[in-house]
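Basis for what follows: all heavy atoms, side chains included, without hydrogens, waters or symmetry-related copies. Values in this document were obtained by computation on a predicted structure and should not be read as measured data. Residue numbers start from 1 in every chain, and the chains themselves are labelled A, B, ... in the order their sequence lines are given, proteins ahead of strands.
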Number of protein chains: 2
Amino acid sequence: MDRSKPKLSRIAETLGVSVATVSNALSGKGRVSPELVERIRATAAELGYVPSVAGRALRTGRSGVLGLVLPDIANPLFPQIAQAIEHAAASAGYGVLIADSRGETAMQTEAIGRLIERGVDGMVVVPRRGTRIVEASCPVAVIDSPSTPGNTVAADHWEGGRQMGGHLRELGHRNVLLIGHSPASNVQNDRIGGLKSGLGRGAVTETLWIEKLEAAGGAGCPLGLVEKVRSGVTAVATLSDLIALRALTELQGAGIAVPQAVSVSGFDDLIWSSVVTPGLTTMRMDMETVAEIAVAALVDTIEAERRGGEEQKILGPVSAAVPKVPMELVIRHSTGVAGMGLSQARNRTEGELAS
Amino acid sequence: MDRSKPKLSRIAETLGVSVATVSNALSGKGRVSPELVERIRATAAELGYVPSVAGRALRTGRSGVLGLVLPDIANPLFPQIAQAIEHAAASAGYGVLIADSRGETAMQTEAIGRLIERGVDGMVVVPRRGTRIVEASCPVAVIDSPSTPGNTVAADHWEGGRQMGGHLRELGHRNVLLIGHSPASNVQNDRIGGLKSGLGRGAVTETLWIEKLEAAGGAGCPLGLVEKVRSGVTAVATLSDLIALRALTELQGAGIAVPQAVSVSGFDDLIWSSVVTPGLTTMRMDMETVAEIAVAALVDTIEAERRGGEEQKILGPVSAAVPKVPMELVIRHSTGVAGMGLSQARNRTEGELAS
DNA sequence: TGAAGGTGATTAATCGTTTAATCCGCCTAG
DNA sequence: CTAGGCGGATTAAACGATTAATCACCTTCA
């Protein structure tokens, strides 16, 4: 009664055949008679055989692990991405090793290095804004923005912005405040562009960048939304749900009713978007699909590399066939028809209190 | 000019010594003369030698990878945990493989199985409420609640609750509404217990469980906070920042001023807590320390197992010396002195609008 | 009848590292 | 003068799987 983990040789001697035959049978590669394959399969299952990743990795040179590099794990979008990538990778038979660059650009390179040392077969990278991925000695799938050179796959942020813009336009909003985090982000620029396009030429927009605001006013400083509303803004279209939340509470805290006085919209459909009051109108990206495409592209490249050998060394980002994944407009209660104005909104607030 | 990755043998033949000597020199194990060690180190660096994880793993039987199992990656606390664990693991020279059970209890077992097949040396598990970890054939560190049997390390949720309760008591709150997600969670029960203790015997509390509310009213249903406030509640102490956010917006949306009319407190100091208006008063847990202890316990067990061999097989959860990590009260602006009452709060709201 | 071809299996090398066992001088103590 | 000890290196055997090369045997056709 040997308790140690069964290996190929155990199966082999149990059946009185060679390890090579067992290996062939299990992988379906060589020539093994059907009935022997069946017997080998059976005893393998019976013995609870699990192939050693290390042994296989050493021989084949591939580890069956993908790396996941994100600009900042603390990002609230991370759970969605990680979950989707992990799922897609697991379906393809790969594990996922995480690497955190803790928000620092310099550490991204180091994090990538650690992954490579660990022998990942490929990696999916959500690059820090503006960072170029160069020194990867393995296939890389980049998830950023369709307008980023070298991008592999991404949601169609521009089109998402256009949809949201259209939604606001239909509600009658002509004076819209746009709030993003940083203009250095391709994703945010795409969204802004789409937003403006969707709002149409009749609309007047102003753009606020949190990064600049906080450089002056400190982290978490007020956005000064009350004055903006007073000066005629009827909708605040933000480039992320975190900013939307910030705007929503700042407005509500000042007694301004959302959406009666001002509409607020976000992006990404983060965890809290559905439970706050009013529920946030936002754009959801299909991370499942994005992740599937990214992982598929990676796996394809890895397979090709394995077969092709040294002939075609594909370094740098791999590119997929369908780079743009559509986004979905999620209409909740933070957006409404424009034009009620501030005074009416104040009445409503009082009314609710009095009711 | 051989472009392929340098291995031990390359260094060996470059210097005219044996691979064993190179290995010994690099790992500092055997007996190698100091100057030879130096020369080997030098050429290793020069050649850009990186040890093959696969080769080492095969020989030593350890992969240098830790698994991370969470009840639900979509949980907003996940980024904090993942980041802390990844950091602690990286410092100890380990990689982190993630496993997602997508919120389903059944998949947790399967996820753990996948990690083991991948050959992780140990894993840290944040168990789904009430789940027992049994079938792990490797060291496991459990992060749950100090009151959970088999727990390895956790923040001191009870003491955190007591601190928060004390904070509210000092502000004069005697009628407090407690809101949690599910009574099945040890963590939440600890927090509730501490909260009640901190509030003291003079306080009257009522407890709401979101899970039950939503079972009746559907996901994202209103919490009915307005009536509670009207019936005399001056503070809402929630067991997580997500619930706090939900309470905050529900109250603000109804025109009730926070903290003037009602105080709201949370737990965990999640990403948005500092940027909403008013900033959330919350309890921050020192995930860095928790992660360090968990990883250290794991690494210790792995090391001991390596040296001790088969003698002392430590299956099941490992336990550490310092199981309770203190939490830190973060006072922002969502809590204030009790007693201003609802009417005054309404005045303030109007005042802000008129200013 | 013998060569060619095919099928089902085995042999043995290999991946890169670790490590127990061994070996060779040389110095020292008995 | 020799046995013993020790520092400093080498040899060689794993670890567990994959796979190219080989082999034995059987069929088939010239």
Taking OP1 and OP2 of C:dA9, is either one under 4.0 Å from a side-chain nitrogen or oxygen of A:Ser33? yes

Can you check whether B:Ser18 has a side-chain N or O nearer than 4.0 Å to OP1 or OP2 of D:dT11? no

Rounding to an integer number of Å, can you tell me how far [X] [atom1] sits from [N] [atom2]?
| X | N | atom1 | atom2 | value |
| --- | --- | --- | --- | --- |
| B:Leu15 | D:dA9 | CG | C1' | 13 Å |
| A:Leu26 | D:dG16 | CG | P | 16 Å |
| B:Leu58 | D:dA13 | CG | P | 17 Å |
| A:Ile40 | C:dG8 | CD1 | C1' | 11 Å |
| B:Leu8 | D:dC15 | CG | P | 19 Å |
| A:Leu36 | C:dT7 | CG | P | 17 Å |

Strictly below 4.0 Å, N to O, side chains only: are A:Arg102 and B:Glu288 in salt-bridge contact?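 A salt bridge links A:Arg102 with B:Glu288.
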
Considering only NZ, NE, NH1 and NH2 on the basic side and carboxylate oxygens on the acidic side, decide whether A:Arg114 and B:Glu86 come within less than 4.0 Å. yes

Under the criterion side chain to side chain contact (heavy atoms under 4.5 Å, CB included), which of B:Ile112, B:Leu97, B:Leu68, B:Val96 is the partner of B:Met123? B:Ile112

Name the one of B:Asn24, B:Leu15, B:Thr14 that satisfies side chain to side chain contact (heavy atoms under 4.5 Å, CB included) with B:Ile40? B:Leu15

Over all strands shown, is B:Ser52 touching base, sugar-phosphate only, or nothing at heavy-atom distances under 4.0 angstrom? sugar-phosphate

Here's a test of your reading of the structure: between B:Gly55 and B:Gly16, which maps to the more 5' nucleotide of DNA chain D? B:Gly16

Output for pair (A:Gln83 CD, B:Ile98 CD1), nearest 0.5 Å, gives 9.5 Å

Report yes or no: do B:Asp286 and B:Thr289 form a side-chain donor-acceptor pair below 3.5 Å? yes

Side-chain donor-acceptor pair present, A:Asn186, A:Ser147, cut-off under 3.5 Å: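 No.
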
Between the protein and nucleotides 19-26 of chain D, list the N/O to N/O atom pairs that are separated by less than 3.5 angstrom.
none

When you get a sec, tell me which of C:dT10, D:dT18, C:dG16 is the closest nucleotide to the side chain of A:Arg56?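 Minimum distance to the A:Arg56 side chain belongs to D:dT18.
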
